[in-house]
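Reading through the structure tokens given below for one structure.
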2 protein chains.
Amino acid sequence: MRRILLSHGSGGEETQKLIKEIFIKHLGNDILNRLEDASILRVSSEIAFTTDSFTVSPPFFRGGDIGKLAVAGTVNDLAVMGARPLYLSVGFIIEEGFELESLEKIVRSMGEEASKTGVKVVAGDTKVVPKGQVDRIFINTSGIGEVVRKGLSAHNLRPGDVIIVSGTVGDHGACILAEREGMEFELPIESDCRSLWYLIAKILQTGAEVHAMRDPTRGGLAAVLNEWAEQSDVEIEVDEEEIPVKEPVRGLCELLGFEPTHLANEGMVVFAVAPDHAKLVLETLRSHPYGRDAKVIGRVVGKGKARVVLKTPYGAKRLMEAPSGELLPRIC
Amino acid sequence: MRRILLSHGSGGEETQKLIKEIFIKHLGNDILNRLEDASILRVSSEIAFTTDSFTVSPPFFRGGDIGKLAVAGTVNDLAVMGARPLYLSVGFIIEEGFELESLEKIVRSMGEEASKTGVKVVAGDTKVVPKGQVDRIFINTSGIGEVVRKGLSAHNLRPGDVIIVSGTVGDHGACILAEREGMEFELPIESDCRSLWYLIAKILQTGAEVHAMRDPTRGGLAAVLNEWAEQSDVEIEVDEEEIPVKEPVRGLCELLGFEPTHLANEGMVVFAVAPDHAKLVLETLRSHPYGRDAKVIGRVVGKGKARVVLKTPYGAKRLMEAPSGELLPRIC
């Protein structure tokens, strides 16, 4: 089996070979292929820019791999800011001895996910570090998008806004947890890892008055809602019963003592929508394969008291706390 | 001593605290402080975009640290493409147990180096991985610049072009090598790690006809010249005697069997300049503190035979090969 050698990261001949035989092969385009120190891009005057590093363990999981995740994650961070994803950079940090075949599988996934969303990888970097100094492979992606909808912001929620999720909660986190624990369920838990640009574009095209969007990755739904509450200084009320959670995800959480709302998604988006447009957003979501499980889960009930309140099925109310403590390392 | 915990990377409360107390403190600005999923930027219609990951070991070295390097490295990749560096993203991957004090020192360096060059950090991400799964700290920076000089390219060298280096060769690589081997020299070897934008801007302002620029990092001067020869399909001839190398760097190389031209710089730039403008470029470089040791080291002597020829002091000629093999891992 061919493996990654230190020489693949030395900037010399072997690096050039790796670039051509794996990276250009699967990610190549007219811009990347020039292999300059920086790529020259034509863009509109207002862009969105974001970065994310991916260290997920295991790097291959049900529903995706670290490559697909690295593209989808950054695409989604642009999309929720109302930006059409255009360009990605990719930085690999690879452990000496990593199988070339696995690397190629990961890079192929990246290429497939990028072309699904119409985004181009235009800049790259590869570092190889000696065995034992990194666990297998870490990937950073940074992304540039063209802003097509202005004013979306975590600071932008208002009393009356309706909170909608585009799908079930916690799927990615539960999948990684199950993989690590070696647990099998009757209905397998699959990561929701996928690029959400087209789903989000569809919502934006309706003209609905969306105030904020967010993909709840690390920290899950609870982290997003608490950040929104704090940044917009509003109180959000959530109906616990309305939060959609897949059966095996709920089972896993009960077994291991996790809250589904603390687990990451990687292909789900939370919306804060003006009340008159909630129905339009909900119906539009449900008409798309990625939004079939969309639900209204709550609303912004007031200004000036930054907190998230959970209404239980029995009518009781309690705080939905932001997650704290270790949670799951290397979930994304 | 306070240390990085897994909870600092979980996306919950502790992550928010780390962001505010270290990242915003040293890198904050009106854009970053909004803490959105992606930052919204106004840019000109033609931008340069680049990415680089930094894994240098040790993370603190004479002349800099991984933070300063991570800013300078990406700033320099933009600058050599004729772009004024404007915005950076920063992705940290940190080992559980890393000292918070060291992290703050690194982040402070980044802030200082960024403000020296007038570049803003506008996007960030932090991952913490369990002890033993990464060696201390890795940093990715991606950068966006505004193109102020078009047409610079590794594909752009022409017969007659004069090759100029802005300073001595191999300083950064030799410094890291000496630190790792615990070697002390009478004259200490210091990394040349620094941002080159203002030096390069000064050259561009002269209007001199520069065809290509490159900062010779991994693979050193030999890698840059060989890539230029190949991408522009030209033959480059270099006078070995003219290559400026600091005495202790030369001594270290002789001792350990390295070629100075294979060692990385992190604050030096190589130019290919139209013959009529070589004098102007050389004099302008020498009038700047970062270019005092600038030298003409060679020229493009023909088209259609992609190679780099080294003329020795005795008049003999041999190929200057692109470096191959392991070289030094984790040099940058």
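Lettering of chains follows the sequences in order, A, B, ..., and the numbering in each one begins at 1. All values below come from the heavy atoms of this structure, side chains included, with hydrogens, waters and symmetry mates left out.
- Heavy-atom distances place no part of B/L328 under 4.5 Å from chain A, backbone and side chain included.
- Both the backbone and the side chain of B/E46 come within less than 4.5 Å of a heavy atom in chain A.
- Contact count versus chain B (heavy atoms, under 4.5 Å) is highest, among A/G9, A/S44, A/G219, for A/G9.
- Looking at A/A223, the atoms closer than 4.5 Å to chain B (heavy atoms on both sides) all sit in the side chain, from C-beta outward.
- For the residue pair B/T51/A/N140, the side-chain donor-acceptor check at 3.5 Å is not satisfied.
- A/S89 places no side-chain N or O within donor-acceptor distance of the main-chain N or O of A/T141, the cut-off being under 3.5 Å.
- Both the backbone and the side chain of B/A154 come within contact range of chain A, each with at least one heavy atom under 4.5 Å from a heavy atom of that chain.
- When each of A/L5, A/L41, A/L6, A/V134 is checked for heavy-atom pairs under 4.5 Å with chain B, A/L41 comes out on top.
- With a 4.5 angstrom heavy-atom cutoff, A/V147 touches chain B only via side-chain atoms.
- For A/I331, no part sits under 4.5 Å from any heavy atom of chain B, backbone or side chain.
- Of the possible polar contacts, one joining the B/N156 side chain to the B/G151 backbone as a donor-acceptor pair under 3.5 Å is found.
- Ranking A/V80, A/L78, A/D215, A/I93 against chain B, the residue ahead of the rest is A/I93, based on heavy-atom pairs under 4.5 Å.
- Of the possible polar contacts, one joining the B/N29 side chain to the B/V121 backbone as a donor-acceptor pair under 3.5 Å is found.
- The shortest side-chain heavy-atom distance between B/L88 and B/V71 falls under the 4.5 Å cut-off.
- Judged purely by distance below 3.5 Å, without hydrogens or angles, the side chains of B/N76 and B/S195 never pair a donor atom with an acceptor atom.
- Looking only at side-chain heavy atoms (C-beta outward), B/I144 and A/F49 come within less than 4.5 Å of each other.
- If you measure heavy-atom distances from A/R34 to chain B, the contacts under 4.5 Å come from both the backbone and the side chain.
- Both the backbone and the side chain of B/S39 come within contact range of chain A, with heavy atoms under 4.5 Å apart.
- Heavy atoms closer than 4.5 Å to chain B are found in the side chain of A/T55, but not in its backbone.
- For the options B/P329, B/A264, B/S10, heavy-atom pairs under 4.5 Å to chain A are most numerous at B/S10.
- For the pair A/I40/B/I47, no side-chain contact is recorded, criterion being any heavy-atom separation below 4.5 Å from C-beta on.
- Contact of A/N226 with chain B is not made at all, since no heavy-atom distance falls under 4.5 Å.
- Proximity to chain B (any heavy atom under 4.5 Å) is shown, for A/I139, by neither the backbone nor the side chain.
- Taking the six-membered ring wherever Trp is involved, the centroid distance between the rings of A/F138 and A/F92 does not fall below 6.0 Å.
- The local environment of CD in A/E146 is crowded, with over 12 non-hydrogen atoms from other residues, nucleotides or ligands closer than 6.0 Å.
- Between chain B and the residues A/D37, A/D125, A/T50, the largest count of heavy-atom pairs under 4.5 Å involves A/D37.
- Formation of a donor-acceptor pair under 3.5 Å by the A/S153 side chain with backbone atoms of A/H155 is found in this model.
- In terms of heavy-atom pairs under 4.5 angstrom with chain A, the leader among B/T126, B/V128, B/V122, B/T15 is B/T126.
- The residue among B/Q133, B/E13, B/H262 with the most heavy atom pairs within less than 4.5 Å of chain A is B/Q133.
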Next on the checklist: Run A/S57 and A/R136 through side chain to side chain donor-acceptor pair (under 3.5 Å) and show every step you take.
Outcome noted: CA-CA 9 Å; A/S57 170; A/R136 290 169 286 176; 3.2 Å; yes

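- Chosen from B/M213, B/E36, B/R330, the residue pairing most often with chain A at heavy-atom distances under 4.5 Å is B/E36.
- For a residue to count as touching a neighbouring chain, one of its non-hydrogen atoms must lie under 4.5 Å from one of that chain's; by this rule B/Q231 touches chain A with the side chain only.
- When heavy atoms are compared at a cutoff of 4.5 Å, B/T217 does not approach chain A at all.
- Contact annotation for A/Q16: only side-chain heavy atoms (C-beta onward) come within less than 4.5 Å of a heavy atom of chain B.
- Considering only heavy-atom pairs separated by less than 4.5 Å from chain B, the leading option among A/E227, A/E96, A/H8 is A/E227.
- Taking chain B as the reference chain and counting heavy-atom pairs below 4.5 Å, the highest number among A/S53, A/S324, A/A48, A/G91 is found for A/S53.
- Side-chain N or O atoms of B/R149 include none that pairs as donor or acceptor with a backbone N or O of B/A83 at under 3.5 Å.
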Next on the checklist: Apply salt bridge (Lys or Arg N to Asp or Glu O under 4.0 Å) to residues B/K20 and A/E230 and explain how you reach the verdict.
Outcome noted: CA-CA 14 Å; B/K20 282 172 197 162; A/E230 196 187 321; 3.5 Å; yes

